[in-house]
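Written out below as C-alpha cells is the structure these notes cover.
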Amino acid sequence: MSETVEAVDAEQDETTAGEAGTATAEVTAEGAENTEDTGGTEEAEGGKRSAGVGEDVLVQEGDIAGDYLERLLDLLDYDGDIDLDVEAGRAIVSIDGGEDLEKLVGARGNVLEALQELTRLAVQQETGSRSRLMLDIAGWRADRRAELRELGKSTAETVISTGERVRLQPMSPFERKVVHDAVAAVDGVRSESEGEDPKRRVVVFPDA
C-alpha cells in the first residue's frame with residue numbers, strides 16, 4: 001500500500017461493499033473523538049481523560065468489548081480469535097485467525113474504524129464513560145503503523161533536503177497520529193494537520 005505525496009483533494013474515499021461502508025461515514029461523524037492532532041498532539045486530550053484510570057477499569061473495558069465483538073462474529077458467522085490487552089493507558093482488542101476478517105477492515109481501514117467506534121459506544125453504554133479502546137483486526141493497524149512510520153520518516157528527510165513543505169494525502173486520525181510521531185522523532189522538521197475530515201491531512205514543514 002503506497003502513499004502518494006502531494007495527493008490531490010479530488011481523491012475520493014474508497015467505498016466498501018455492503019452496509020458496513022455506509023456505517024463508516026455515519027459512525028465516524030457521530031462517534032469519533034474531536035481531538036486536535038496538530039504536531040502529534042492528537043492523543044493529548046485522550047491522555048488527560050485516561051489519567052487516573054486504573055488497569056482494572058481498562059481490563060473491564062476489554063472484557064466488555066470482547067463480549068460485544070464475539071456476538072458480532074457469531075452474528076456474521078465469522079471465525080476469529082479475540083485477544084485482550086492493556087497498553088499505554090488504553091484497552092487493546094485484536095481479532096485474528098479468521099479467513100473473512102479482512103472484510104471487517106475495509107478499504108484503508110474504514111470499516112475497522114467504524115467497528116472501533118461502535119465497540120467504544122458499546123463499552124460506554126456499560127461503563128458510563130467514554131472509552132479510548134483500540135481495535136485491530138487481522139493485524140491491519142500494526143502493518144499500517146509500520147508503513148506510516150516509514151512515510152513520516154522519509155517525508156521528513158525530503159523536507160530537510162529540499163527546504164520545502166510537503167502535504168500528504170488525507171488520512172484518518174489514527175494515521176495522522178502515527179505520521180506526526182514519526183516526524184517528531186526527526187530534528188529539523190515539524191508537522192501540523194490542515195483541513196476538515198475526511199480530507200484532513202498532515203503537512204510537514206522545515207523547522208524554522
Side-chain angles (χ1 to χ4, degrees), residues 1-3 11-35 43 46 50 53 55-149 169-178 197-198 200:
M1 185 183 301
S2 62
E3 295 298 332
E11 174 183 335
Q12 300 294 318
D13 291 337
E14 296 93 337
T15 58
T16 187
E19 296 180 356
T22 302
T24 303
E26 295 174 349
V27 174
T28 301
E30 293 296 327
E33 293 181 49
N34 295 318
T35 52
E43 295 298 293
S50 65
V53 175
E55 184 170 336
D56 55 339
V57 174
L58 299 178
V59 169
Q60 180 190 21
E61 287 188 5
D63 289 339
I64 296 170
D67 290 342
Y68 173 79
L69 292 167
E70 185 174 3
R71 292 195 299 271
L72 175 64
L73 292 177
D74 288 343
L75 180 65
L76 296 173
D77 197 24
Y78 285 1
D79 293 326
D81 299 320
I82 299 176
D83 183 64
L84 311 176
D85 200 1
V86 173
E87 181 180 321
R90 71 166 75 200
I92 307 293
V93 182
S94 59
I95 308 176
D96 293 289
E99 295 181 359
D100 297 309
L101 293 180
E102 289 188 3
K103 298 176 183 177
L104 299 181
V105 174
R108 291 189 62 186
N110 56 359
V111 178
L112 171 58
E113 292 293 338
L115 288 176
Q116 176 174 275
E117 288 304 321
L118 288 172
T119 304
R120 287 177 171 181
L121 290 172
V123 172
Q124 182 178 356
Q125 187 174 30
E126 291 287 332
T127 65
S129 299
R130 176 67 177 165
S131 173
R132 294 178 59 243
L133 174 146
M134 180 70 76
L135 173 65
D136 195 7
I137 298 177
W140 185 86
R141 284 195 193 277
D143 293 341
R144 183 67 171 148
R145 185 178 287 111
E147 293 176 359
L148 291 168
R149 284 171 177 163
Q169 71 177 30
M171 298 180 184
S172 69
F174 159 74
E175 293 172 317
R176 296 194 303 268
K177 174 62 167 61
V178 177
D197 287 325
R200 191 163 173 79

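Keep in mind that what you see is a predicted model, and the values were worked out from it rather than measured.
- Between the Asp143 side chain and the Glu147 main chain, no donor and acceptor come within less than 3.5 Å of each other.
- Between Met134 and Glu87, the closest side-chain pair of non-hydrogen atoms is not below 4.5 Å.
- Partners of Asp197 according to the side chain to side chain donor-acceptor pair (under 3.5 Å) rule, which considers only residues two or more places apart in sequence or in another chain, are Arg176.
- Separating the CG atom in Asp96 from the CG atom in Asp136 is a distance of 7.0 Å, to the nearest 0.5 Å.
- In plain terms, the two heavy atoms of Pro170 and Pro198 that are nearest each other are CB-O, 3.6 Å.
- Considering all non-hydrogen atoms of both residues, Ala65 and Leu133 come closest at CB-CD1, 3.3 Å.
- Residues satisfying the side chain to side chain donor-acceptor pair (under 3.5 Å) test with Arg141, not counting sequence neighbours, are Glu113, Gln116.
- Looking only at side-chain heavy atoms (C-beta outward), Asp74 and Glu70 come within less than 4.5 Å of each other.
- Interatomic distance, CG of Leu115 versus CG of Leu72, reported as 6.0 Å (0.5 Å rounding).
- Within the 4.5 Å cutoff, no side-chain heavy atoms of Val59 are placed close to those of Leu84.
- Residues Leu112 and Leu135 have side chains in contact (heavy-atom distance under 4.5 Å, counting atoms from C-beta outward).
- The closest side-chain heavy-atom distance from Tyr68 to Glu126 is not below 4.5 Å.
- Note that the CD atom of Glu117 and the OG1 atom of Thr119 stand 9.0 Å from one another [nearest 0.5 Å].
- Looking at every heavy atom in both residues, Arg149 comes nearest to Val178 through CG-CG1, 3.8 Å.
- Considering all non-hydrogen atoms of both residues, Ser131 and Glu61 come closest at OG-OE1, 3.0 Å.
- Counting heavy atoms from C-beta outward, Asp100 and Asp77 have side chains that stay 4.5 Å or more apart.
- Here the CD1 atom belonging to Ile82 is positioned 5.5 Å from the CG atom belonging to Leu69, to the nearest 0.5 angstrom.
- Heavy-atom minimum distance, Gly97 versus Leu101: N-CD1, 3.8 Å.
- Arg132 places no side-chain N or O within 3.5 Å of a backbone atom of Arg90 that could act as its donor or acceptor partner.
- Rounding to the nearest 0.5 angstrom, the gap separating the NZ atom in Lys103 from the OH atom in Tyr78 is 4.5 Å.
- The closest side-chain heavy-atom distance from Val111 to Val105 is not below 4.5 Å.
- A pairwise comparison of heavy atoms in Trp140 and Gly109 identifies CZ2-N, 3.6 Å as the closest pair.
- Side-chain atoms of Arg120 never come within 3.5 Å of backbone atoms of Arg130 as a donor-acceptor pair (strictly under, hydrogens ignored).
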